[in-house]
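Residue numbers start at 1 and run along the sequence shown. Note that the structure is a prediction, hence the values are computed from the model and not measured. Start at 1 and go down the list; that is how both ligands and their atoms are numbered.
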Amino acid sequence: MIQINDKKNCCGCGACSNICPKNCINMKYDEEGFTYPDIDSTNCVNCGLCEKVCPISNYSKPKNSLQEAAIVQNRDKTVLQESTSGGFFSVIAEYVIEKGGVVFGVSIDEEYKVKHIYVDSKNELCRFRNSKYVQSDVGTSFVDVKKFLEEGRIVCFSGTPCQVYALTKYLGKDYQNLILVDVVCRAVPSPGVWNRYIKMKEKKLGSLSIIRFRDKKLGYQYSTMYISSKSGEERGGIESDQWLRMFFSGMTIRPSCSACVFRSPKRVSDFTIWDCFNIHRLDKSFDEDKGTTRVLIHSKKGSLVFDEIKEHFQYKVVSYEIAIEGCKEFESSPQLHYERSEFFSDYNHMDFDDLLNKYYPTTIKIKIMKLARLILNRLGLDKTLKHMLKKG
Ligand SMILES: Cc1cc2nc3c(=O)[nH]c(=O)nc-3n(C[C@H](O)[C@H](O)[C@H](O)COP(=O)(O)OP(=O)(O)OC[C@H]3O[C@@H](n4cnc5c(N)ncnc54)[C@H](O)[C@@H]3O)c2cc1C
Ligand code: SF4
Ligand code: SF4
Ligand code: SF4
């Protein structure tokens, strides 16, 4: 049966738990708020399936022969506004639903938990739009995907590269009726920390109505975290929002993300999607502040689907090399924050507000940075500044 000697060797995909024929693997939270398999050895029959399915211990770099690429912007203005970047994912999802299929993606439930769910109606697709910067709970999705595939329905599964790779290990064979979409993935933050963070926000703002990790009200180039309730709202970018600061400084990310084997642009998926902030350099005809998605197409199936859906978006075909140029997430993993052990030791006995004020205080400097960003945004100068910084 599976054993984890180093937490960097478990990405929490849940494939082992999904495959166990005796249901003796539960995903259990550790002291950092991430889930790991917990095995009830009394029921284990030593079948070895959990070891065989593990995407980390069985990883081998895929050898895609096809690597096509494009930059995409959805023509539907509402969908584009709700999506993280260019709203490409929604077009694939709509296509699958029109064909009577089922779409798996990540949603936030009534208790603000970030989870994989499946839907088969178009009006529920909005639940998947916008990246949730929290590790999602896959639950029994792999079992459900297999059931739908065996019934002959088209299935689209979207997730992080490790989740998509794990699904292919779980299924163990190719299915023509399966479309796989993975995102480019820097890392995922702790669901346990998210739970405490959101409770703190609820205490302050009351019951929350909208949570967006990448809201585009101030434009795509200045995407902000946005939380609202009847009694108020909060908005902040990477420079000031405490959730984003914890994430991007490497404090709350999963240990496996700092040694991620799934980063390569060679993937088992049909499509890889991610941000395109430098669209102004590639094609000036796109609206650069509404969002654009970079897309890699890894399979013939992906190429055929792209051809069938392309009327729904503005797009530009680019070379594979241009598409991946400058994308660090394909090359190296973020480091864990040097104060991470201390942070999590405090996390387990400190009040959450105090914890944030200790490690991520909203200092005068942070307030000035936020104000400067807002002023530049109002004057329409933040894009120009970003372009200049990228050139330099
Ligand atoms: C955790 C995470 C880290 C990312 N890191 C980067 C990065 O470093 N650089 C970069 O350029 N792009 C990154 N992305 C991808 C980017 O944020 C967008 O997902 C991508 O540009 C596609 O946007 P879209 O407008 O086409 O689709 P959207 O409509 O925004 O689609 C969102 C898609 O992401 C899936 N998703 C949402 N939250 C999660 C989650 N927690 N776990 C798994 N899947 C999820 C949904 O199921 C859906 O398929 C990341 C995404 C996530 C979820
Ligand atoms: S060896 Fe088989 S029965 Fe035992 S935990 Fe792993 S999958 Fe379950
Ligand atoms: S990486 Fe996935 S399959 Fe491997 S031990 Fe962790 S949860 Fe189980
Ligand atoms: S960085 Fe790697 S290990 Fe972490 S969630 Fe993304 S794909 Fe999985």
Q: Just need the protein heavy atom nearest to atom 5 (S) of ligand 4, so name the residue and atom and give the distance.
A: Val188 CG2, 3.5 Å

Q. By number and element, which atoms of ligand 1 are closer than 4.0 Å to a non-hydrogen atom of Val188?
A. 1 (C)

Q | Within reach of ligand 1, part of Lys132 (heavy-atom separation under 4.0 Å) | A | both

Q. What closest approach, in Å, do Thr252 and Phe34 show between heavy atoms, and which atom pair accounts for it?
A. O-CZ, 3.3 Å

(Q) How far is atom 3 (S) of ligand 2 from the closest protein heavy atom, and which atom is that? (A) Val45 N, 3.5 Å

Q) Going through the distances and angles, do Ser85 and Tyr220 end up as a side-chain contact (heavy atoms from CB on, under 4.5 Å)? A) CA-CA 7 Å; Ser85 51; Tyr220 173 58; 3.6 Å; yes

Q: Check whether any N or O atom of Glu329, backbone or side chain, sits under 3.5 Å from an N or O atom of ligand 1, and answer yes or no.
A: yes

Q. Is the shortest N/O to N/O distance between Thr84 and ligand 1 below 3.5 Å?
A. yes

Q. Tell me, which protein residue and heavy-atom name are nearest atom 51 (C) of ligand 1, and how many Å apart are they?
A. Ser131 OG, 3.5 Å

Q.
Name the residue from Glu239, Lys217, Lys216 that meets the side-chain hydrogen bond (donor to acceptor under 3.5 Å, both in side chains) definition with Tyr222.
A. Glu239

Q: Could you list the atoms of ligand 1 found under 4.0 angstrom from a heavy atom of Gly159?
A: 43 (C), 44 (N)

Q.
Hydrophobic cluster membership, with links at side-chain heavy-atom distances under 4.5 Å among I/L/V/M/F/W/Y: are Phe262 and Val138 in one?
A. yes

(Q) Against the six-membered ring of Tyr175, is Lys173 placed for a cation-pi contact (under 6.0 Å from the centre, within 45° of the normal)? (A) yes

Q: Consider ligand 4: state whether an atom of it lies below 4.0 angstrom from any non-hydrogen atom of Gln163.
A: no

Q | Identified ring pair (Phe, Tyr, Trp, His ring centres under 6.0 Å) counterpart of Trp194 within the set Phe247, Phe213, Phe352, Tyr112 | A | Phe213

(Q) Strictly under 2.8 Å, is atom 8 (Fe) of ligand 2 approached by any N, O or S atom of Cys50? (A) no

Q. What are the atoms of ligand 1, with element, lying closer than 4.0 Å to any heavy atom of Ile273?
A. 22 (C)

Q: Of the side chain and backbone of Gln135, name the one, both, or neither that has a heavy atom under 4.0 Å from an atom of ligand 4.
A: neither

Q) Any idea which atoms of ligand 1 are less than 4.0 Å away from a heavy-atom of Trp274? A) 10 (C), 11 (O), 12 (N), 20 (C), 21 (O)

Q) So is there a nitrogen or oxygen of His116 less than 3.5 Å from a nitrogen or oxygen in ligand 1? A) no

**Q.** Closest protein heavy atom (residue, atom, distance) for atom 36 (N) of ligand 1
**A.** Val106 CB, 3.9 Å

**Q.** Closest to atom 1 (S) of ligand 4 (judged by heavy-atom distance), picking from Lys8, Arg263, Arg254
**A.** Arg263

Q.
Starting from atom 4 (Fe) of ligand 2, what is the nearest protein heavy atom, named by residue and atom, and what distance separates them?
A. Cys44 SG, 2.4 Å

Q) Could Arg254 and Tyr36 be counted as a cation-pi pair, given that NZ or CZ must be under 6.0 Å from the ring centre and within 45° of the axis? A) yes

(Q) Is any side-chain heavy atom of Cys10 closer than 4.5 Å to one of Ser256? (A) no

Q.
Starting from Phe89, can I reach Val102 by hopping between I/L/V/M/F/W/Y residues whose side chains sit under 4.5 Å apart?
A. no

(Q) So if I count the atoms of ligand 1 from 1 in the order they appear, which ones are less than 4.0 Å from some heavy atom of Arg214? (A) 17 (O)

Q. At a 4.0 Å threshold, what atoms of ligand 2 neighbour a non-hydrogen atom of Pro21?
A. 7 (S)

Q: Please test Asp182 against Thr272 for side-chain hydrogen bond (donor to acceptor under 3.5 Å, both in side chains), starting from the C-alpha separation and ending with a verdict.
A: CA-CA 5 Å; Asp182 59 16; Thr272 294; 2.7 Å; yes

(Q) Side-chain heavy atoms nearer than 4.5 Å, only ILVMFWY residues, links allowed to pass through others: does that put Ile97 and Ile309 together? (A) yes

Q) For ligand 2, is any non-hydrogen atom under 4.0 Å from Asn46's backbone (N, CA, C, O), its side chain (CB onward), both, or neither? A) backbone

Q: Pull out every atom of ligand 4 sitting under 4.0 Å from any heavy atom of Ala187, numbered as shown with elements.
A: 1 (S)

Q: Check ligand 1 against Thr160 and write out every atom of the ligand that is under 4.0 Å from a heavy-atom position of the residue.
A: 42 (N), 43 (C)

Q) For atom 2 (Fe) of ligand 2, does an N/O/S atom of Cys47 lie at less than 2.8 Å? A) yes

Q | Closest protein heavy atom to atom 11 (O) of ligand 1, given as residue, atom name and distance to 0.1 Å | A | Asp275 N, 3.1 Å

Q: Check each of Ser256, Cys162, Cys260 against atom 8 (Fe) of ligand 4 and report the one with the nearest heavy atom.
A: Cys162

**Q.** Side chains of Ser229 and Ser207 in contact at under 4.5 Å (non-hydrogen atoms)
**A.** no

Q.
As an exercise, identify every atom of ligand 1 less than 4.0 angstrom from a heavy atom of Thr293.
A. 24 (P), 25 (O), 26 (O)

Q: Rounded to the nearest 0.5 Å, what's the gap from CD on Glu288 to CG on Asp283? Could you check?
A: 11.5 Å

(Q) Between ligand 1 and Ala187, can you find any atom pair, the residue atom being a heavy atom, that is separated by under 4.0 Å? (A) yes

Q. Can Phe248 be reached from Phe343 by stepping across I, L, V, M, F, W or Y side chains whose heavy atoms are under 4.5 Å apart?
A. yes

Q. Among protein heavy atoms, which sits nearest to atom 29 (O) of ligand 1, and what does the distance come to when rounded to 0.1 Å?
A. Arg129 CA, 3.5 Å

**Q.** Euclidean distance, Leu218 CG relative to Thr224 OG1, rounded to 0.5 Å
**A.** 5.0 Å

**Q.** Cluster check Tyr133, Tyr226: I/L/V/M/F/W/Y, side chain < 4.5 angstrom
**A.** no

Q: Could you walk me through whether Glu68 and Ser303 pass side-chain hydrogen bond (donor to acceptor under 3.5 Å, both in side chains), step by step?
A: CA-CA 8 Å; Glu68 291 172 345; Ser303 192; 3.0 Å; yes

**Q.** Taking atom 6 (Fe) of ligand 4 as the reference point, the nearest protein heavy atom with its distance
**A.** Cys185 SG, 2.4 Å

Q: Return a yes/no value for Gly87: is any of its N or O atoms, backbone included, closer than 3.5 angstrom to an N or O of ligand 1?
A: yes

Q) Under 3.5 Å, N or O to N or O, is Gln163 touching ligand 1 that way? A) no

Q. Any idea which part of Cys16 is under 4.0 Å from ligand 2, heavy-atom wise: side chain, backbone, both or neither?
A. neither

(Q) For ligand 1 and Gln135, I'd like to know whether there is a polar contact (N/O to N/O, distance under 3.5 Å). (A) no

Q. Heavy-atom distance to atom 14 (N) of ligand 1: which of Val184, Val134, Val183 wins?
A. Val184

**Q.** Salt-bridge present (Lys115, Asp137; N to O < 4.0 Å)
**A.** no

Q. Could you walk me through whether Phe128 and Val106 pass the side-chain contact (heavy atoms from CB on, under 4.5 Å) check?
A. CA-CA 5 Å; Phe128 296 153; Val106 176; 5.6 Å; no

Q) For Tyr347, is the NZ or CZ atom of Arg196 found under 6.0 angstrom from the centre of its six-membered ring and inside 45 degrees of the ring axis? A) yes

Q) Under a heavy-atom criterion of less than 4.0 Å, does Val181 contact ligand 1? A) no

(Q) Using a 4.0 Å cut-off to any heavy atom of Phe89, which atoms of ligand 1 qualify? (A) 26 (O), 27 (O), 31 (O), 48 (C), 49 (O)

